[in-house]
There are 2 protein chains.
Amino acid sequence: MPLPIPGSQVRGSKSGKPIMALLDLLGRTWSLGVIWHLSQGPATFRQLQQRCEQISPSLLNTRLQELKILQLIETRSDGYALTSQGRSLFEIIAPLGQWSKDWANHLPAESES
Amino acid sequence: MPLPIPGSQVRGSKSGKPIMALLDLLGRTWSLGVIWHLSQGPATFRQLQQRCEQISPSLLNTRLQELKILQLIETRSDGYALTSQGRSLFEIIAPLGQWSKDWANHLPAESES
DNA sequence: TACCTTGCTACTAAATATGTAGCAGAGTAC
DNA sequence: GTACTCTGCTACATATTTAGTAGCAAGGTA
């Protein structure tokens, strides 16, 4: 499965339902991370590498190409940036930031016992 | 990296920030899918396998154990179900269903030319 | 011309996911 | 009690994906 394009078969679903394509895309390592970090503002390749701490350049490039084809990010003079579609996606998942904190507080036994 | 537990190091981040743990978790194949399909109601192991179309039992079991430890799902008499935390997470990502449809409509060149 | 930095490619090793077979336990039917 | 079925799940070999590291080509500076 090269790319999870809505309308075609994707990993995990033959139906090609857009939501399945999206879940496939977001389920790939670093997809969400790249979007999350780019939401802080445009970044060059190397800046993004630093924001993502531990991503390898080959994988970063792969993800960037995917996200670019799927029109969630674009290349501009100041580096990579979210498109308006990418931003609207981020606005949906933005509350995850707060949610994850609440979640962490309810998992006390694991994080430190 | 066994499990993305907030507070400990996770794949892609040494900080242990909850959001990074969450992004790691959701970035694993089928994590989002399992949550998505479970949101339609509780399901037994084999029912879930069918909803997920193409998940292998070994991976399904792995994900179920992870999500159970992280308290997003629980086992009940009628099978697996989202916990209240799981449901609150789903409520955040629920709009992705509609978003993905809009997204698909803006990618006409790929889905069908 | 020598030296940086940047975006990115190449390549190997390690980790993850797929796919298929099938087991052990519970329930029912004879 | 033994044969049949269904369930949750494990085992394991194969295929795919990701990590990790080295380094190249292009562009700018000095």
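Per chain, numbering begins at 1; letters A, B, ... match sequence-line order.
Regarding B:Arg76, its CZ atom lies at a distance of 18 Å from the C1' atom of D:dG8, rounded to whole Å. Across the protein-nucleic acid pair, A:Ile55 atom CD1 and D:dA19 atom C1' stand 10 Å apart, rounded to whole Å. In this entry the distance linking CG of B:Leu32 with P of C:dA17 reads 13 Å, nearest Å. Taking atom CZ of residue A:Arg28 and atom C1' of nucleotide C:dA15, one finds them 17 Å apart after rounding to whole Å. Remark: P of D:dC9 and CG of B:Leu59 are 14 Å apart, rounded to the nearest angstrom. When the P atom of C:dG19 is taken as reference, atom CH2 of B:Trp30 falls 11 Å away, rounded to whole Å. Between B:Leu60 atom CG and D:dT7 atom P the separation is 14 Å, expressed in whole Å.
Contact check, A:Arg63 against D:dT18: a side-chain N or O comes under 4.0 Å of OP1 or OP2.
Put simply, the side chain of B:Trp36 never gets that close to the backbone of A:Met20: no donor and acceptor are under 3.5 Å apart. Judged by distance alone, the side chain of B:Arg63 and the main-chain N or O of B:Thr29 form a donor-acceptor pair under 3.5 Å.
The closest side-chain heavy-atom distance from B:Leu60 to B:Trp30 is not below 4.5 Å. For the pair B:Arg28 and B:Glu66, the minimum side-chain heavy-atom distance is below 4.5 Å. No side-chain heavy atom of A:Leu22 sits less than 4.5 Å from a side-chain heavy atom of B:Leu32.
More than 12 non-hydrogen atoms from other residues, nucleotides or ligands lie less than 6.0 angstrom from CD of A:Gln65.
Residue contacts for A:Thr29: at a heavy-atom cut-off of 4.0 Å it reaches the sugar-phosphate backbone alone, with no base atom in range.
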I'd like a table of atom pairs between the protein and nucleotides 4-9 of chain C - only N or O on both sides, under 3.5 Å - with the distance next to each one.
from, atom 1, to, atom 2, distance (Å)
C:dG7, OP1, A:Phe45, N, 3.3
C:dG7, OP2, A:Arg46, N, 3.0
C:dG7, N7, A:Arg46, NE, 3.1
C:dG7, N7, A:Arg46, NH2, 2.7
C:dG7, O6, A:Arg46, NH2, 2.6
C:dC8, OP1, A:Tyr80, OH, 3.3
C:dC8, OP2, A:Tyr80, OH, 2.5
C:dT9, OP2, A:Asn61, ND2, 2.2

